[in-house]
Asker: 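Dropping a structure here in structure tokens format, bear with me for questions.
Just so we're on the same page: letters track the sequence lines, and every chain starts at 1. FYI, side chains are in, hydrogens and waters are out, and symmetry mates aren't considered; it's all heavy atoms of this structure.
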2 protein chains.
Amino acid sequence: MCQLLGMNCNTPTDIVFSFEGFRRRAGLTDCHSDGFGIAFFEGKGVRIFRDNKAGHSSPIADCVKQYHIKSFNVIAHIRKATQGAVTIENTHPFIREIWGENWVFAHNGNLTSIPDMSESFCQPIGSTDSEAAFCYMAEQLKNRFRKKPTEEEIFQTIQEITKELAQNGTFNFILSNGNWMIAHCSTNLHYLTRKSPFGTAQRIDDDDVIDFREYTTEKDKVTIITTFPLTKNEPWIKMEHGGFVFFKDGDKVYEVLGKATASIDDGTLGLAKIA
Amino acid sequence: MCQLLGMNCNTPTDIVFSFEGFRRRAGLTDCHSDGFGIAFFEGKGVRIFRDNKAGHSSPIADCVKQYHIKSFNVIAHIRKATQGAVTIENTHPFIREIWGENWVFAHNGNLTSIPDMSESFCQPIGSTDSEAAFCYMAEQLKNRFRKKPTEEEIFQTIQEITKELAQNGTFNFILSNGNWMIAHCSTNLHYLTRKSPFGTAQRIDDDDVIDFREYTTEKDKVTIITTFPLTKNEPWIKMEHGGFVFFKDGDKVYEVLGKATASIDDGTLGLAKIA
């Protein structure tokens, strides 16, 4: 299995505090040492850094730390291989062009079966279930909509495709087009939104402390999504199994609750618009 | 306009000697300062580093230099913008998945017209003529062949598509799938193959000297393709206008000569197999 980290904000934000805790789990505080990757959106463009070395000691990860890239949307992944060798082409996050946008995807889980894609327009390059699932999603989206539909339609269609794929295993994922970020929880995914009034946070993995008041303005909103909480003293929300969230500008815009809250959810592919 | 650099070898090779001369042209010895990018194939995977800062001073380019990544196939580009803002999404090389492989493309030139791709499966993300041309190429290849054809068929089809696109401007490019490298010369492109017996080379841009005997074995073959020669004392071959070459493992496998040698070329899309 693996661990996921996502960030969606309303102001370009440096993810280094979160990433430095996260990447300790790639060989120091946990065993997700089979490569790492991190994608930073910059406008419609993306910078992706990947390494098949362990994230905690990778020189590429050191380079990422050094340059303090600020971004509205970031997706990172540390890998514990289940399917596919420890190679660059099997290293998340994966990227594909959809409707003239870069879409970036990272997965935690294991899917035992994916539809045949050997003659698809969008084919996997490596041998992971994760990339194949993302390609299936891209192919389906492009087949259903030749031009980019509304965000609501995108969110609903992704739920439909996800439910199909998730029948074959565990499918926690984070997905972004550089504008919004969608997260799906199959088993483990947590999030929190940092906003005014800002305070301090202490990392779980090495006890390092940050005072966000030194780095923020009153208007800033920064949502962090991660497999397991990264800090000790913040109100992380555990997503329900089967739940979906849609974040934009650091705000939760849509949410579909999962199994543990079936009495609240209407059971359809509906949307709960968040004010 | 821009400048191109490609490397195709039969052994994993460090491109730093060539790249360090090349990137001086991005702000020091020439004016190609509108971003740079470099893609290293590693198996079926690719590491791409891009920056919208000038290549000669970019911290990302410094990071590339520092890690001495060895690869069989590398494509780099320094940009002097003609179409499209100086942003990451407009920075070469561009990458797309074709038949389950990463294909990497960099262009020097200017195309004044590209077929409409607003409903294509493969769409450009940025606003350059270069990325749009590459997407058109990818779409055409996938439409004509649902599964990967032979290398000869690929080379011939790329010639056909190139001739169509090149009607609308200057179209020097380097293209690789991580296995082979294809170069097309519209106006300026040079290459040379370094092989045993190796000697020394002196860079044009800063006079730095390397003795390849210290880094090579007798079996090594390293082909370098570039807009203008990088060294003073090596036998660079200037490609003819309209010419195509196909390199694999550092060897020139196929060549189609251009206009200046029309009396040798048979004028069709034929192949001259090189022993």
Side-chain angles (χ1 to χ4, degrees), chain A residues 35 37 40-52 58-60 62-64 66-69 71 84-91 94-103 117-127 131-132 134-135 138-139 141-143 145-148 177-178, chain B residues 35 37 40-52 58-60 62-64 66-69 71 84-91 94-103 117-127 131-132 134-135 138-139 141-143 145-148 177-178:
Chain A
F40 299 84
F41 278 93
E42 194 169 319
K44 295 188 77 180
V46 176
R47 296 181 204 254
I48 296 196
F49 300 87
R50 295 191 187 93
D51 208 347
N52 48 359
S58 155
I60 303 288
D62 292 341
C63 175
V64 168
Q66 199 172 337
Y67 294 121
H68 291 278
I69 298 166
S71 175
V86 181
T87 57
I88 293 287
E89 68 267 25
N90 287 337
T91 304
F94 300 105
I95 186 165
R96 287 293 187 282
E97 173 272 313
I98 301 180
W99 305 310
E101 297 176 340
N102 279 305
W103 283 43
M117 304 192 63
S118 59
E119 297 202 6
S120 295
F121 242 74
C122 180
Q123 293 184 21
I125 294 164
S127 52
E131 188 196 11
F134 179 42
C135 288
E139 182 94 358
L141 286 163
K142 289 188 183 191
N143 277 335
F145 303 98
R146 267 299 157 112
K147 293 198 173 193
K148 187 182 172 184
N177 74 339
Chain B
F40 299 85
F41 277 93
E42 195 169 320
K44 295 189 77 181
V46 176
R47 298 181 203 253
I48 295 197
F49 300 87
R50 293 190 189 94
D51 208 346
N52 48 359
S58 154
I60 303 288
D62 291 341
C63 176
V64 167
Q66 200 173 337
Y67 293 120
H68 291 277
I69 298 166
S71 175
V86 181
T87 58
I88 293 288
E89 68 267 26
N90 287 338
T91 303
F94 300 104
I95 186 166
R96 287 293 187 282
E97 173 272 311
I98 301 180
W99 306 309
E101 295 176 340
N102 280 306
W103 284 42
M117 304 193 63
S118 58
E119 297 201 7
S120 295
F121 243 74
C122 181
Q123 294 183 19
I125 294 164
S127 52
E131 188 196 12
F134 179 40
C135 287
E139 182 94 358
L141 286 164
K142 289 187 183 190
N143 277 335
F145 302 98
R146 266 301 156 110
K147 294 199 172 191
K148 186 183 174 183
N177 74 340

Asker: Got a sec, which residues hit ring pair (Phe, Tyr, Trp, His ring centres under 6.0 Å) with A:Trp103, two or more places apart in sequence or on another chain?
Answerer: A:Trp99, A:Trp180

Asker: Flag the pair B:Glu131 and B:Arg96 as a salt bridge only when some basic side-chain nitrogen lies within less than 4.0 angstrom of an acidic carboxylate oxygen.
Answerer: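 Looking at B:Arg96 together with B:Glu131, the answer is yes, because their closest N to O distance falls below 4.0 Å.
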
Asker: Would you mind telling me which of A:Ala138, A:Gly43, A:Ser120, A:Ser118 has the largest number of heavy-atom pairs within less than 4.5 Å of chain B?
Answerer: A:Ser118

Asker: At what distance, to the nearest 0.5 angstrom, does CD1 of B:Ile48 lie from CZ of B:Phe41?
Answerer: 8.0 Å

Asker: Using non-hydrogen atoms and a 4.5 Å limit, figure out which bit of A:Thr91 sits close to chain B: side chain, backbone, both or neither.
Answerer: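 A:Thr91 has no heavy atom closer than 4.5 Å to chain B.
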
Asker: Could you check which of B:Lys142, B:Glu97, B:Arg146 has the highest count of heavy-atom pairs closer than 4.5 Å to chain A?
Answerer: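 Most heavy-atom pairs within the cutoff with chain A belong to B:Glu97.
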
Asker: Given that the side chain runs from C-beta out, which part of A:Pro124 has a heavy atom under 4.5 Å from chain B: side chain, backbone, both or neither?
Answerer: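 The backbone, not the side chain.
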
Asker: Heavy-atom pairs under 4.5 Å with chain A are the metric here; pick the option from B:Pro59, B:Cys63, B:Cys135 that has the most.
Answerer: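 Maximum pair count with chain A is reached by B:Pro59.
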
Asker: Quick check on B:Asn90 against chain A: is it the side chain, the backbone, both or neither that has a heavy atom closer than 4.5 Å?
Answerer: neither

Asker: Taking side chain as everything from C-beta outward and backbone as N, CA, C, O, which of these in A:Glu101 sits under 4.5 Å from a heavy atom of chain B? Side chain, backbone, both or neither.
Answerer: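 Just its backbone gets close to chain B.
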
Asker: Does the gap between the ring centers of A:Phe121 and B:Phe121 come in under 6.0 Å?
Answerer: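 Yes, the ring of A:Phe121 comes within the 6.0 Å limit of the ring of B:Phe121, centre to centre.
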
Asker: To the nearest 0.5 angstrom, please state how far the CG atom of B:Asn52 sits from the CD1 atom of B:Ile88.
Answerer: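 Between atom CG of B:Asn52 and atom CD1 of B:Ile88 there are 4.5 Å.
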
Asker: Would you mind telling me which of A:Gln66, A:Lys147, A:Glu89, A:Arg50 has the largest number of heavy-atom pairs within less than 4.5 Å of chain B?
Answerer: A:Glu89

Asker: Count the heavy-atom pairs under 4.5 Å between each of B:Asn143, B:Asn102, B:Ile98, B:Asp62 and chain A, then report the option with the highest count.
Answerer: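 Top option by heavy-atom pairs under 4.5 Å: B:Asn102.
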
Asker: Check the pair A:Ile125, A:Phe94 against side-chain contact (heavy atoms from CB on, under 4.5 Å), reporting the backbone distance first and the verdict last.
Answerer: CA-CA 10 Å; A:Ile125 294 164; A:Phe94 300 105; over 6 Å; no

Asker: Sort A:Lys44 into side chain, backbone, both or neither according to what part of it lies under 4.5 angstrom from a heavy atom of chain B.
Answerer: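 Backbone plus side chain of A:Lys44, per the 4.5 Å heavy-atom cut-off to chain B.
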
Asker: Report which part of A:Asp51 has an atom under 4.5 Å of a heavy atom belonging to chain B: side chain, backbone, both, or neither.
Answerer: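 Contact with chain B: backbone and side chain both.
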
Asker: Run the side-chain contact (heavy atoms from CB on, under 4.5 Å) check on A:Phe49 and A:Ile69 step by step: do they pass?
Answerer: CA-CA 12 Å; A:Phe49 300 87; A:Ile69 298 166; 3.8 Å; yes

Asker: Using the test salt bridge (Lys or Arg N to Asp or Glu O under 4.0 Å), find all partners of B:Glu139 that sit at least two apart in sequence or belong to another chain.
Answerer: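 With sequence neighbours excluded, B:Glu139 shows a salt bridge (Lys or Arg N to Asp or Glu O under 4.0 Å) to no residue whatsoever.
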
